[in-house]
Amino acid sequence: MSSIVEAKKTEVKEAIEKALQAAQEAGQLSFQTLPAFVVEQPREKVFGDFAANVAMLLSKEAKMPPRRIAEIIVAHLPKEGPLFEKVEIAGPGFINFYLGKSWLEEVLPVVLREGDDYGKSDFGQGEKIQIEFVSANPTGLLHMGNARGAALGDTLSNVLQGAGYDVTKEFYINDAGNQIENFGRSLEARYFQLLGHDVPFPGEGYHGQDVIETVQKIIAEVGDKYLTVDEDLRREFLIQKALEEKLTNIKNDLARFGVEYDVWFSEQSLHDSGAIARTIQELQERELVYEKEGALWLKTTAFGDEKDEVLVRSNGIPTYFAADIAYHCNKFERGFSKVINIWGADHHGHVARMKGAMQALGYDPDALHVILMQLVRLFRQGEIVRMSKRSGQYITLSELIDEVGKDAARFFFVMRGADSHLDFDLDLAKAESSENPVYYVQYAHARVCSILKASVDEVPSYEQVDFSLLKEEAELDLIRKIADLPDEIVQAAVSYEPHHLTRYAHELASLFHSFYNSCRVLVDDVELRKARLALIEATRITLRNVLRLLGVSAPERM
RNA sequence: GUGCCCGUAGCUCAGCUGGAUAGAGUGUUUGACUACGAAUCAAAAGGCCGCAGGUUCGAAUCCUGCCGGGCACGCCA
């Protein structure tokens with residue numbers, strides 16, 4: 001539960017702060033406030049283990065060129081401390097710190113000791129975060145957009161948990177409102193049609209084949225006895241049965257995808273409990289609601305929206321927007337300090353409105369964070385796979401898992417940032433070759449396992465290993481990357497960008513493959529062999545932990 | 001028309017709150033298996049970071065204006 005990299009950065013930073021103070025007291029440097037400088041790992045290894053940009057930031061206030069300031073700071077740093085092997089000034093005024101390799105010897109024991117927990121931290125301090133994703137209409141099957149949302153949301157949840165947050169994953173079931181009425185009419189029409197009655201199908205209805213299948217199942221169970229009952233009763237029954245079946249399907253598909261929710265939240269329950277009515281009343285009390293043409297409107301223009309939005313239609317039914325406001329209030333009432341939503345980019349117009357509504361009701365709009373994800377395009381043999389939801393012609397999550405497998409699907413969806421359009425190459429995802437990044441990472445894991453199996457002796461416990469024997473460039477690079485995991489997870493968590501993790505996984509695998517090709521593990525030298533076994537065991541642990549966060553399996557054989 | 005997102009190597013994309021010579025993968029070219037898995041590795045080539053201004057010690061990153069692509073502008077969700 002500790003990050004060595006973070007600890008070292010802090011040590012460097014404190015040393016610089018002391019040097020700054022000393023320089024100021026000596027009258028060599030004058031400034032009012034300490035600038036918010038950073039200590040970071042430079043892009044290039046030649047620039048040392050850590051670098052500070054403090055001199056550049058101070059240049060203006062201290063009225064001195066950055067390199068001159070850097071010289072003064074360096075002069076006040078501890079000369080021969082255990083911390084710095086070498087300190088250099090480079091480029092426009094960076095101070096580069098070379099720590100030598102002794103600090104790297106601290107890394108592997110931590111990994112071996114923490115095992116499955118390596119990479120976790122208490123950064124989030126148990127802060128309560130709620131995350132809502134997929135929330136697909138229970139009137140159909142899950143499509144590619146839902147699949148991307150599922151992979152993104154679930155991975156982000158894992159990452160947040162890994163960074164020490166208390167995460168609740170939630171699926172909002174749209175089981176009320178207009179589209180359910182519409183769904184009911186579609187079900188009813190199919191019910192009549194399948195029982196030999198020639199009735200018209202509603203133009204705006206749900207045309208998909210899956211709806212027909214759902215009704216077939218219902219008929220198999222109850223037969224034709226709902227032909228003659230009252231229309232309201234019939235529709236209510238069909239809706240209830242169909243929603244049950246659809247929801248079970250959705251749950252099963254998501255479970256196959258490795259996604260389990262903590263809460264399934266029903267929209268209908270907000271109607272039933274009066275939560276929506278209460279929310280509308282509260283908005284009314286704040287004089288943000290007015291009546292026009294028989295409908296109730298919310299003054300969203302007061303929060304910069306282009307036009308006001310309807311809360312309650314002239315037919316008396318609250319809109320989705322009204323229900324969603326009530327739902328979000330409910331989230332905050334449950335004590336979450338942060339609420340994350342993952343929406344398709346086509347809902348972006350909804351973001352400002354929802355934040356505005358939260359502000360109107362006295363909540364902090366910034367506590368609501370919406371991740372918008374761009375659309376997914378499927379490619380097969382270089383051609384776009386055309387899909388149309390209206391006609392029911394689209395590839396479902398279930399079919400995707402059948403075709404490319406859970407591992408590839410999840411990895412591919414998380415590989416790109418949410419706001420970039422995702423081109424999903426089905427052939428690449430299926431390819432069992434090096435072009436496929438999933439296999440590349442998994443292969444690294446399988447390779448480690450294979451060596452461990454071939455080894456006659458067990459992985460030594462970390463107390464029995466002399467880690468100073470690891471001094472090849474490839475070994476040190478690999479250790480450095482392993483040491484990064486806790487920070488990578490925190491980075492991905494605070495930025496809500498899980499795609500950093502697929503990148504990290506690939507880099508780690510790459511450094512391992514390099515190491516494998518330049519160093520032999522099972523050498524005759526007993527002590528070196530032990531050290532290298534410990535290194536690859538730590539690599540295995542790190543790879544497996546990352547893959548677990550991604551929801552991708554870590555096979556021992558491929 | 002208005003608003004939001006995107007524009008980086010042939011292709012698909014990274015690039016963290018502004019930092020050093022803009023990075024991966026893939027594709028192309030060339031090498032490496034009598035050694036723990038060649039589903040691997042090493043090396044080369046490949047860029048006006050859409051265009052033009054501005055902010056400053058410093059811009060792919062921030063601001064403005066254009067150009068090009070996507071999306072949204074319902075008493076749908």
Side-chain angles (χ1 to χ4, degrees), chain A residues 36 38 40 42-44 46-47 51 53 56-57 59-60 65-67 90-94 96 135-137 139 174 177-179 182 204 267 292-297 304-307 309-315 317-321 323-324 343-352 372-375 379 382 415-423 425 428 431-437 439-440 442-444 446-455 474 487 491-492 494-495 497 499-500 502-503 506-507 509-510 512-523 529 532-533 536 557-558:
Chain A
V38 293
E40 59 187 356
R43 194 161 35 78
E44 302 282 338
V46 293
F47 296 130
N53 64 345
M56 277 111 77
L57 293 177
S59 172
K60 191 170 227 172
R67 290 192 68 110
F94 283 104
N96 293 337
S135 296
N137 280 331
T139 51
N174 302 128
N178 251 7
Q179 95 254 331
N182 187 13
E204 295 287 306
E267 178 185 350
K292 192 180 82 181
E293 292 161 12
L296 220 52
W297 297 71
D305 208 357
E306 287 168 49
K307 44 192 269 308
E309 287 290 317
V310 172
L311 285 175
V312 182
R313 301 186 190 88
S314 48
N315 64 7
I317 299 175
T319 58
Y320 168 86
F321 182 45
D324 217 14
W343 291 346
D346 51 343
H347 288 63
H348 75 252
H350 198 53
V351 177
L372 293 173
M373 41 167 207
Q374 300 297 324
L375 304 178
F379 282 77
M415 211 158 45
R416 307 290 177 226
D419 56 12
S420 85
H421 294 261
L422 179 64
D423 288 343
D425 185 335
L428 179 59
E432 297 191 6
S433 68
S434 56
E435 305 110 77
N436 189 336
Y439 279 83
Y440 183 84
Q442 290 182 319
Y443 179 56
R447 224 177 191 183
V448 173
C449 293
S450 168
I451 302 171
L452 293 175
K453 224 167 288 169
S455 167
D487 292 345
Q491 272 303 318
V494 299
S495 62
E497 288 177 341
H499 71 270
H500 293 298
T502 51
R503 199 169 193 78
H506 197 278
E507 286 166 359
S510 171
F512 168 72
H513 288 311
S514 279
F515 157 79
Y516 176 89
N517 275 275
S518 66
C519 302
R520 199 178 151 75
V521 175
L522 304 178
V523 289
R529 187 169 71 228
R532 285 187 174 159
L533 279 170
I536 65 166
R557 264 195 318 274
M558 293 175 70

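Protein chains get the first letters and strands the later ones, always in sequence-line order, with residue 1 at the start of each.
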Open item on the list: Any base atoms under 4.0 Å from A/Cys519, or only sugar-phosphate, or nothing? Heavy atoms, all strands.
Closed with: base
- [ ] Just call it for A/Ser450: base, sugar-phosphate, or nothing, with non-hydrogen atoms closer than 4.0 Å on any strand.
- [x] base
- [ ] Give one of base, sugar-phosphate or nothing for A/Phe321, where a contact means two heavy atoms less than 4.0 Å apart.
- [x] nothing
Task: Counter-base of B/rA39, judged by Watson-Crick or G-U geometry with both distances under 3.5 Å - done: none
Open item on the list: Between A/Tyr320 and A/Gln179, does the side-chain contact (heavy atoms from CB on, under 4.5 Å) criterion hold? Intermediate values first, please.
Closed with: CA-CA 10 Å; A/Tyr320 168 86; A/Gln179 95 254 331; 5.9 Å; no
Open item on the list: Using the P atom as the point on both nucleotides, what is the distance between B/rG65 and B/rG1, in whole Å?
Closed with: 15 Å
TODO: Assess whether one donor atom and one acceptor atom, taken from the side chain of A/Asn182 and the base of B/rA77, lie less than 3.5 Å apart.
DONE: no
- [ ] Searching all strands shown, indicate the nucleotide that pairs with B/rG58 (Watson-Crick or G-U wobble; both distances under 3.5 Å).
- [x] none
- [ ] Look through every strand shown and name the nucleotide pairing with B/rU26 as Watson-Crick or G-U wobble, where both distances are under 3.5 Å.
- [x] B/rG10
- [ ] In whole angstrom, give me the gap between the C1' atoms of B/rG18 and B/rG54.
- [x] 15 Å
Open item on the list: Considering every strand and a 4.0 Å limit on heavy-atom distances, what is the contact class for A/Val351: base, sugar-phosphate, or nothing?
Closed with: nothing
TODO: Return yes if the base of B/rC41 and the side-chain atoms of A/Ser514 contain a donor-acceptor N/O pair under 3.5 Å, otherwise no.
DONE: no
Task: Nearest-Å distance once atom C1' is located in both B/rG46 and B/rG27 - done: 11 Å
- [ ] Output yes if the stacking criterion (under 5.5 Å between centres, under 30° between planes) is met for A/Tyr443 over the base of B/rG37, else no.
- [x] no
TODO: Indicate, with a heavy-atom threshold strictly under 4.0 Å, whether A/Ser455 touches base, sugar-phosphate, or nothing.
DONE: nothing
TODO: Look at the side chain of A/Met56 and decide which nucleotide, out of B/rC36, B/rG19, B/rC41, has an atom nearest to it.
DONE: B/rG19
TODO: Under 4.0 Å between any heavy atoms, over every strand shown, what does A/Ala352 touch: base, sugar-phosphate, or nothing? Just pick one.
DONE: nothing
- [ ] Under 4.0 Å between any heavy atoms, over every strand shown, what does A/Ala36 touch: base, sugar-phosphate, or nothing? Just pick one.
- [x] nothing
TODO: Answer with base, sugar-phosphate or nothing: what part of the nucleic acid does A/Pro66 contact at a heavy-atom distance below 4.0 Å?
DONE: nothing
- [ ] Rounded to whole angstrom, note down the C1' distance from B/rA24 over to B/rG47.
- [x] 15 Å
Open item on the list: Roughly how many Å apart are B/rC13 and B/rA38, using the P atom of each and rounding to a whole number?
Closed with: 32 Å
Task: Base-pairing mate for B/rA52 - Watson-Crick or G-U, with both contacts under 3.5 Å - done: B/rU64
- [ ] Classify the nucleic acid contact of A/Lys453 as base, sugar-phosphate or nothing, counting any heavy atom under 4.0 Å across all strands shown.
- [x] nothing
- [ ] For A/Val521 and for A/Leu375, locate the closest nucleotide of RNA chain B by heavy-atom distance; then report the residue assigned to the nucleotide nearer the 5' terminus.
- [x] A/Val521
- [ ] With the side chain of A/Leu522 defined as its heavy atoms from C-beta on, choose the nearest nucleotide among B/rU17, B/rA77, B/rC36.
- [x] B/rC36
- [ ] Between B/rC75, B/rC36, B/rA42, spot the one nearest the side chain of A/Glu293, thanks.
- [x] B/rC75
- [ ] Classify the nucleic acid contact of A/Gly294 as base, sugar-phosphate or nothing, counting any heavy atom under 4.0 Å across all strands shown.
- [x] nothing
TODO: Answer yes or no: does a side-chain N or O of A/Arg416 lie under 4.0 Å from OP1 or OP2 of B/rG15?
DONE: no
TODO: Could you work out the separation of B/rU40 and B/rG3 based on their P atoms and round it to a whole Å?
DONE: 48 Å
- [ ] Answer with base, sugar-phosphate or nothing: what part of the nucleic acid does A/Ala345 contact at a heavy-atom distance below 4.0 Å?
- [x] sugar-phosphate
Task: Proximity to the side chain of A/Asp423 - top-ranked nucleotide from B/rC36, B/rA20, B/rU12 - done: B/rU12
Open item on the list: Can you classify the ring geometry of A/Tyr440 versus A/His506 as parallel (below 30°), tilted (30 to 60°) or perpendicular (above 60°)?
Closed with: parallel
Task: Selected nucleotide, minimal atom distance to A/His421 side chain, candidates B/rG70, B/rC16, B/rU2 - done: B/rG70
Open item on the list: What contact category does A/His513 fall into here, base, sugar-phosphate, or nothing, at under 4.0 angstrom with non-hydrogen atoms?
Closed with: sugar-phosphate
Task: Nucleotide nearest A/Arg503 when distance is taken to its side chain, options B/rG23, B/rC57, B/rG37 - done: B/rG23
Task: Complement of B/rA45, any strand, by Watson-Crick or G-U distances under 3.5 angstrom - done: none
Open item on the list: Any strand counts, and the cut-off is 3.5 Å on both contacts for Watson-Crick or G-U wobble. Which nucleotide pairs with B/rC16?
Closed with: none
- [ ] May I ask you to say what A/His506 touches in the nucleic acid, namely base, sugar-phosphate or nothing, with a heavy-atom cut-off under 4.0 Å?
- [x] sugar-phosphate
Open item on the list: Please give the distance between the C1' atoms of B/rU29 and B/rG7 as a whole number of Å.
Closed with: 30 Å
Task: Proximal nucleotide (of B/rU2, B/rA20, B/rC71) relative to the A/Asp346 side chain - done: B/rC71
TODO: Would you mind pulling out the nucleotide paired to B/rG74, Watson-Crick or G-U wobble, both distances under 3.5 Å?
DONE: none
- [ ] Return no unless some side-chain N or O of A/Tyr440 is found under 4.0 Å from OP1 or OP2 of B/rC41.
- [x] yes
TODO: Look at the side chain of A/Arg447 and decide which nucleotide, out of B/rA77, B/rG37, B/rC71, has an atom nearest to it.
DONE: B/rG37
TODO: Mark yes or no for a side-chain to base donor-acceptor pair under 3.5 Å between A/His499 and B/rA14, with no hydrogen or angle criteria applied.
DONE: no
TODO: Drop me the distance from A/Glu309's CD to A/His350's NE2, to the nearest 0.5 angstrom.
DONE: 8.5 Å
Open item on the list: Categorize A/Leu57 for me: base, sugar-phosphate, or nothing, with a 4.0 angstrom heavy-atom threshold over every strand shown.
Closed with: base
Task: Proximal nucleotide (of B/rA20, B/rG37, B/rC71) relative to the A/Arg43 side chain - done: B/rA20
TODO: For B/rA45 versus B/rC5, give the span between their P atoms, rounded off to a whole number of Å.
DONE: 38 Å
Open item on the list: So, taking the atom named CD in A/Glu293 and the one named CZ in A/Arg313, what distance separates them when rounded to the nearest 0.5 Å?
Closed with: 15.5 Å
Open item on the list: Of the options B/rC4, B/rC13, B/rC75, whose atoms approach the side-chain atoms of A/His348 most closely?
Closed with: B/rC4
Open item on the list: Stacking between B/rA20 and A/Phe94, yes or no? Criterion: centroid separation under 5.5 angstrom, plane angle under 30 degrees.
Closed with: yes
